[in-house]
Trainee: 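One structure, as structure tokens, below. Some questions next.
Because only heavy atoms are used, hydrogens play no part in the values below, and waters and symmetry mates are left out as well, while side chains stay in. Lettering follows sequence order; numbering is per chain, from 1. Worth saying up front: this structure is predicted, and the values here are computed from it rather than measured.
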Protein chains: 2
Amino acid sequence: MTGRLSGSGRLSTRDRIIGAVDDVLAADLDATAARLQEISPVAAELIDPLRAFTARGKRIRALVTWWGFEIASRTPADPEALARIAGSVELLHAAALVHDDIIDDSDTRRGRPAVHAAFRDGHRTDVWEGDPVLFGTGAGIIAGDLCLSLSEEMYTAAGLPGLLAPEVVRRHDDFRRDVMVGQYLDIRLQAAPVPAADIAARAEEVLTFKSAKYSVEQPLLLGAAIGGADGGLLEALSAFGLPLGRAFQMRDDELGVFGDPAVTGKPAGDDLRQGKKTVLVGMTLTALAEAGRDDDAAWFSARLGAADLEDAEVDRMAALMRDSGAVAAFEDAIETRMHEARGALEDLRTRADLHADDVELLDFYVRTLTHRTS
Amino acid sequence: MTGRLSGSGRLSTRDRIIGAVDDVLAADLDATAARLQEISPVAAELIDPLRAFTARGKRIRALVTWWGFEIASRTPADPEALARIAGSVELLHAAALVHDDIIDDSDTRRGRPAVHAAFRDGHRTDVWEGDPVLFGTGAGIIAGDLCLSLSEEMYTAAGLPGLLAPEVVRRHDDFRRDVMVGQYLDIRLQAAPVPAADIAARAEEVLTFKSAKYSVEQPLLLGAAIGGADGGLLEALSAFGLPLGRAFQMRDDELGVFGDPAVTGKPAGDDLRQGKKTVLVGMTLTALAEAGRDDDAAWFSARLGAADLEDAEVDRMAALMRDSGAVAAFEDAIETRMHEARGALEDLRTRADLHADDVELLDFYVRTLTHRTS
């Protein structure tokens, strides 16, 4: 296995990439803090929360971007330039998370205060003027905007001549735009009434844009496009990355219901308590309706997201998901997407312009990265 | 006068530029709407509010960017490429305004609902699930982020080879970043207690970053850098644009207190009711303290921004601004900055690499654009 997975030696290891990206991010935020400090010590206050925020995380998107480049490129990367591209992807992600926490009114992120919550709490502690919540929201919006700007700065600063090539521009544009589209699809799906029969498809649309494309497919394609991949290779990589990303996120949704809180870090049934319209919820309602269990479906819909939802009700919802056959159908849907990804992998393996061993290693890396356990 | 102001014929007229920028913005938003429509009709909902929002406005920044290019460039611009650069500047501005209205909790913009307010009101009217305010804030944040992304897309799509030149990258980075810094300096100044003696300097810092650089200096430098201006010319243009932008914004602050509501579109004394710490407020508190009028200063501070501020009190505050000598000192400060700008203009006029007539015309255009009447 080790032999098979050593590849052609061109794909960098996870540790090496993370080290290079961490260094670039730290150096860039230090430089930005120094520049803002010159303007005013007040301006520099924007950087500390971003520093703490970007220092964490699994760097999935940075890694996938880097490997996308390496698998496509005929020449080795300038590691510092590539670290900037991968770092800019992480900053884009951080910006999206900073804004996401305001949008979802979520006070914590990875066990620490969300950026807007930290600004809000600071305002309260220091007994400043005006509304602490409005100040926190404002400062969080600005910090996210700044983070998005720093992502653009870092991307351009990589200075790679290929950055203005049409395929690269297109991938970068899609990447940046689609995560915002996914965010809107999500809050819109949660807000407006949706026929039960449409929930699964709409929820898969959300996870496609908010997660599958953004976490796997697009960083892979961006890296590959910068590495000089042609249209055919980009399509083949998309056929691998998109279903894999979908399967990854669907597994995550399942863990939101059935996962072990000690592993997921979220209370059991968290998504049910929040009333989230997920693919699994949609499939459950459809399965109950098809089985003529209208009372169960009505109860499920009515209690989903109820403020006074009790533990026993969460258990009953989970049981309905299982005994309606929705969980089995959901597992099938995940397997279908994994099957698609494996088929695309076969195609990639036979391509003359790729090292078969690199393809193997890419698959192993990405699957390991996106693997979740209950 | 007409003869002197006809220039060398290289500076485009205001109408021609606005027409070209309007066309590019409309075409770009149509194309984006079509792309989002392919994803989902829901996704396309994000575009209509942006379309309405970007269709208005005086296009100050687009015009200044365009003239900056024309004054510096030795060759005529590709009008479509330049319209994209100028259009991207307008989209950046629109994004900042969309977020600004959330940050300031302001429901209207140019007499119409702010973007987040329109989303919030739509949620209420359609009786959707969840909190309408949270939905409006979320959708507004996302719409602003999307607008910022479209600005980047349009900028890159101009396809000018010079866009990766270090001077150009630096100006674009500064432009994008400084408006966010200015936003934070502003909410931070309004939130935290500040010694009265520091208010004027801190408020000028805010207007420098939030307005002077962003509305005049930076679009001018960005256009000029893209037009091939060297470091010396950029410095000379900065010496003209920055004080002019400061004077422009200070005049605006004055109108916030003494302006005719029929002209400014804001109620008289609006800034005083909001309790904004402006340069003029800072100068008033300093002048009162210097004159030993501590009781007046204490009253002024206590009533500034009071929820129950009466018209007679607004009148008394305005009277204190005048009779303390603060308004005269403020006028002097505006004149000092205009004097700086005129001095810089003399230097620009004598440069061998510029047409003196173009410089004259630029000054006329920019001053007309930034001229306000009470």
Trainee: Do A:D270 and A:Q274 come within less than 4.5 Å of each other through their side chains, counting heavy atoms only?
Mentor: yes
Trainee: Sequence neighbours excluded, which residues qualify as side chain to side chain contact (heavy atoms under 4.5 Å, CB included) partners of B:A52?
Mentor: B:R56, B:R112
Trainee: Between B:V127, B:D131, B:L189, B:L46, which residue shows the highest count of heavy-atom pairs closer than 4.5 Å to chain A?
Mentor: B:L46
Trainee: Quick one: does any side-chain atom of A:K277 pair with a main-chain N or O of A:G282 as donor and acceptor, under 3.5 Å?
Mentor: no
Trainee: With a 4.5 Å heavy-atom cut-off (strictly below), which parts of residues 100-108 of chain A touch chain B? List them by number.
Mentor: A:I102, A:I103, A:D105
Trainee: Where do B:Y155 and B:L160 land on the side chain to side chain contact (heavy atoms under 4.5 Å, CB included) test, with the steps shown first?
Mentor: CA-CA 9 Å; B:Y155 184 84; B:L160 294 170; over 6 Å; no
Trainee: Shorter than 4.5 Å, heavy atoms on both sides: which option in B:G138, B:A139, B:P132, B:S149 has the most such pairs with chain A?
Mentor: B:S149
Trainee: Among A:Q183, A:H123, A:R188, who wins on heavy-atom pairs under 4.5 Å with chain B?
Mentor: A:R188
Trainee: Please report the C-alpha distance between B:R303 and B:D308 in whole Å, then the side-chain angles of each, then the deciding distance to 0.1 Å, and finally whether the salt bridge (charged side-chain N to carboxylate O under 4.0 Å, His left out) criterion is met.
Mentor: CA-CA 9 Å; B:R303 298 306 294 159; B:D308 58 348; 2.9 Å; yes
Trainee: How many angstroms lie between atom CD of A:E152 and atom CD of B:E152, to the nearest 0.5 angstrom?
Mentor: 4.0 Å
Trainee: So do the side chains of B:H99 and A:H99 get within less than 4.5 Å of each other, counting heavy atoms only?
Mentor: yes
Trainee: Give, for atom CZ of B:R61 and atom NE2 of B:H93, the distance between the pair rounded to the nearest 0.5 Å.
Mentor: 3.5 Å
Trainee: Tell me, with the steps shown, if B:D271 and B:V281 meet side chain to side chain contact (heavy atoms under 4.5 Å, CB included).
Mentor: CA-CA 10 Å; B:D271 284 357; B:V281 162; over 6 Å; no
Trainee: Quick one: which residues of residues 202-209 of chain B reach chain A at under 4.5 angstrom, heavy atoms only?
Mentor: B:R202, B:E205, B:F209
Trainee: Top residue by heavy-atom pair count (under 4.5 Å) with chain B, among A:I141, A:T156, A:D126, A:L146?
Mentor: A:I141
Trainee: Indicate yes or no: does A:R51 engage A:D30 in a salt bridge with an N to O separation below 4.0 Å.
Mentor: yes
Trainee: Counting heavy-atom pairs under 4.5 Å to chain B, which of A:L148, A:I39, A:L163 comes out on top?
Mentor: A:I39
Trainee: Can you label the angle between the B:W128 ring and the B:F135 ring as parallel, tilted or perpendicular, going by 30° and 60°?
Mentor: perpendicular
Trainee: Is any residue of residues 164-180 of chain A within less than 4.5 Å of chain B by heavy atoms, and which ones?
Mentor: A:L164, A:V169, A:D173, A:R176, A:R177, A:D178, A:M180
Trainee: Give a yes or no on whether the backbone of B:A298 and the side-chain of B:S301 come within a donor-acceptor separation of less than 3.5 Å.
Mentor: no
Trainee: Flag the pair B:L150 / B:L29 as yes when at least one side-chain heavy-atom distance between them is below 4.5 Å, and no otherwise.
Mentor: yes
Trainee: Are B:E153 and B:R35 within salt-bridge range, i.e. N to O under 4.0 Å?
Mentor: yes
Trainee: Go through A:G275, A:P193, A:G130 and name the one with the most non-hydrogen pairs under 4.5 angstrom from chain B.
Mentor: A:P193
Trainee: B:S151 side chain to B:L91 main-chain N or O, any donor-acceptor pair under 3.5 Å?
Mentor: no
Trainee: Which atoms of A:I187 are under 4.5 Å from chain B, going by heavy atoms: the side chain, the backbone, both sets, or neither?
Mentor: both
Trainee: Taking all non-hydrogen atoms of both residues into account, name the closest pair between A:A212 and A:R246 and its distance.
Mentor: CB-N, 3.3 Å
Trainee: Look at B:A191, B:G140, B:G305 and state which one has the largest set of heavy-atom pairs under 4.5 Å with chain A.
Mentor: B:A191
Trainee: Under 4.5 Å heavy-atom distance to chain B, tell me which part of A:L92 shows up: side chain, backbone, both or neither.
Mentor: neither
Trainee: Could you walk me through whether A:K210 and A:L185 pass the side chain to side chain contact (heavy atoms under 4.5 Å, CB included) check?
Mentor: CA-CA 8 Å; A:K210 193 172 171 177; A:L185 293 178; over 6 Å; no
Trainee: Do B:Q190 and B:D186 have side-chain heavy atoms sitting under 4.5 Å apart?
Mentor: yes
Trainee: If you count heavy-atom pairs under 4.5 Å between each of B:L36, B:V42, B:V181 and chain A, which one has the most?
Mentor: B:V42
